[in-house]
Number of protein chains: 2
Amino acid sequence: MFVAWLRELEIKHLAALEAVASAGTFARAAERLGYTQSAVSQQIASLERIVGERVFDRPGGPRPVTLTPLGERLLAHGRDLLHRVDALARDLERFRLGEVGRLTVGAYQSVCSAVLPAVVGRLYRDHPELELRVAERDDDDVMLAELADGSLDVGFVVGPVGAPVATRHLLDDPFVLLSRPGQFPPGPVRIADLHGQPMIGQHGYSCQLLNESGLRSVGLEPTYVFRSNDNGTVAAMVRAGMGVAILPLLCVDLEDRRIELHPLEPVIPGRTVALAWRTDRTLGAAAQQFIAVTVEVCGSLAERLAAVA
Amino acid sequence: MFVAWLRELEIKHLAALEAVASAGTFARAAERLGYTQSAVSQQIASLERIVGERVFDRPGGPRPVTLTPLGERLLAHGRDLLHRVDALARDLERFRLGEVGRLTVGAYQSVCSAVLPAVVGRLYRDHPELELRVAERDDDDVMLAELADGSLDVGFVVGPVGAPVATRHLLDDPFVLLSRPGQFPPGPVRIADLHGQPMIGQHGYSCQLLNESGLRSVGLEPTYVFRSNDNGTVAAMVRAGMGVAILPLLCVDLEDRRIELHPLEPVIPGRTVALAWRTDRTLGAAAQQFIAVTVEVCGSLAERLAAVA
DNA sequence: CACAATGATCAGCTAGCCTGATGTTCGTGG
DNA sequence: CCACGAACATCAGGCTAGCTGATCATTGTG
């Protein structure tokens, strides 16, 4: 892919060239580079052997050396390269500090609306140059597959998963009943009382399956009259009186006064929201920060949720 | 001027990184680079020591290695640098062949109009990407000074000059008499016959001084009624009948039928046009080509001049 | 469970590179 | 005209970085 000749050219040579050219003297260049004059002399000689011609005219005696035309042209390229190496170093340093970098996150809709805004906001506030991508995925398996093939750096998942991924538990997200205000007396609603009640649900992905199996385990066979994965649509249908819905608390807009929330009795196993990433791949600083910030954000979020349910 | 850390980073490391990343395994990368697997392993280890983190995740066993986020970012920079080194090599090669490069030439007005167009035309025809600059200088001393300080790469000069410059003789440029058609009988004009004749000359630079000293050495004290360094102006004044002019043949537009040329008798020492350049500085390929082409162009030009004078 | 593929590691050697001393060239001041 | 100083080249010597070849550890595969 790359050229054959000039293979021995190294950055060191260009640095020596630059130093001598701008110092005017081998000895001063050596001093600046922290070498002896002899070393610089040999480095330039090596460079000249590589390019096949002299890059400096040495007038001899105490007169300063000057670049040959070829040396001048080489130096123009060399300065450019040195500046780019410099930029590389600075960029790498910022990357290691998590100030720059690209990060692709996978998340459910509920996480996207309830958790991510706060996380993204804090990350951008601290490091405005991060390149964050959020991919909305509603299926745990899709999420894990994309985590595995590298499309995602980190992803929010529902349950504890096996696979070669690490997970960090974030919060417990209990199922709650959504109803029209006044439809049920305040306080917990007994699942048994929901027999025959028309229900609104999501399509058959991870948390909906968890939902249904929870209900069945306490003897309720739910009747769904509408399914949507858009939480706003589900809430709207509840408001419209089409039925009630059992949703993870995170899927609910807590500010919406036109619906009412009720804990369930008995409590069915709610989903646990966790963050997952591959353990066999090194995490970038940006990803580590994302995890840390997310853990913190979810910590305070969990407190607020506990107050509701 | 440049950064402190990352000083040990060399192009070799980036080449190894690129090779491994695109080959997927250390062994194949080694094969491509002409090293052993062990060498590549150590090069990557060295790179990782320099940047302070792993750049590859090694899953172990026969699975391909993958870049870490930091490795990916480093590689993006690295590929850019490698391409630039590649471009550097190609550019240097073209420079050595004289296909590209910058060349600044100093020349008198007469040379500019009589010699340079042909030279420049041929150079551009062969190497369209050369960057030629022509600086019109009417004074030999100025020319030599600028040659000395590097402002000019090569310069046209009149006489053989000492200084630390080499000169290449190009052609002899005899002085001729310009007159209105019919003002003198065809053929040579005797200088003695010009006594009292109003004359038009140039200002006191190199070739005008040579001119006047030549005339005085054969007993003529010229009377100048007008001086201009613009050869077209001098010719116009001759046409207007203001006087006659003695000019180097190169300063005359041979196609202008409204003036007549006469050799002088006796012949006074004409100027010799030569090309000069510093001997203590290496010449670029472009300069060498310029000299070669100029010598050739002047060779055929000399023949045509001989036919006139 | 043996085998193959892959990277890490180690020992040993070579070559490149740096240092310190010395040689050579040239301008400068007396 | 000469001695001195400044500046680069060169040489010898030592050190180390880097390469080779062999071996080890790990892991997927038949």
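Glu18(B) has its side chain within reach of Leu82(B): a pair of non-hydrogen atoms, C-beta onward, lies under 4.5 Å apart. Counting heavy atoms from C-beta outward, Arg7(A) and Lys12(B) have side chains that stay 4.5 Å or more apart.
Take the nearest nucleotide of DNA chain D for Gln42(A) and for Val20(A): the residue whose nucleotide is more 5' is Val20(A). Checking Arg63(B) against Pro59(A), the closest nucleotide of DNA chain C that is more toward the 5' end is the one next to Arg63(B). Each of Pro64(B) and Ser46(A) was assigned the nucleotide of DNA chain C with the nearest heavy atom; the assignment lying further toward the 5' end belongs to Pro64(B).
Protein atom NE2 of His13(A) is 13 Å distant from nucleotide atom C1' of dC18(C), rounded to whole Å. Regarding Asp280(B), its CG atom lies at a distance of 16 Å from the C1' atom of dC8(D), rounded to whole Å. Rounded to whole Å, atom P of dG7(C) lies 12 Å from atom CD of Glu31(B). Note: CD (Glu48(B)) to C1' (dA8(C)) measures 12 Å, nearest angstrom. Here the P atom of nucleotide dT10(D) and the CD1 atom of Ile44(A) are 14 Å apart, to the nearest Å. Between Asp57(B) atom CG and dT6(C) atom P the separation is 18 Å, expressed in whole Å. We find that CZ of Arg58(A) is positioned 17 Å from P of dG27(C), with the value rounded to whole Å. Spacing between atom CG of Leu67(B) and atom P of dG7(C) amounts to 13 Å, rounded to whole angstrom units.
A sub-4.0 Å separation between OP1 or OP2 of dC18(C) and a side-chain N or O of Gln43(A) is present.
Checked by atom type and distance alone, the side chain of Arg96(A) pairs as donor or acceptor with a backbone atom of Val51(B) at under 3.5 Å. Remark: side-chain polar atoms of Glu10(B) are paired, donor with acceptor, to backbone N or O of Ile11(A) under 3.5 angstrom. No donor-acceptor pair under 3.5 Å is formed between the side chain of Thr282(B) and the backbone N or O of Thr68(A).
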Q: Could you go through the side chain to side chain donor-acceptor pair (under 3.5 Å) check for Gln42(B) and Ser46(B) one step at a time?
A: CA-CA 6 Å; Gln42(B) 292 174 62; Ser46(B) 162; over 6 Å; no

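DNA chain D lies under 4.0 Å from at least one heavy atom of each of the following residues of residues 34-41 of chain A: Gln37(A), Ser38(A), Ser41(A).
Looking at heavy-atom distances under 4.0 Å, Gly61(A) makes contact with a base.
Checking dC8(D), dA8(C), dA5(C) against the side-chain heavy atoms of Arg54(B) singles out dA8(C) as nearest.
The heavy-atom pair separating Val40(B) from Val20(B) by the smallest distance is CG1-CG2, 3.6 Å.
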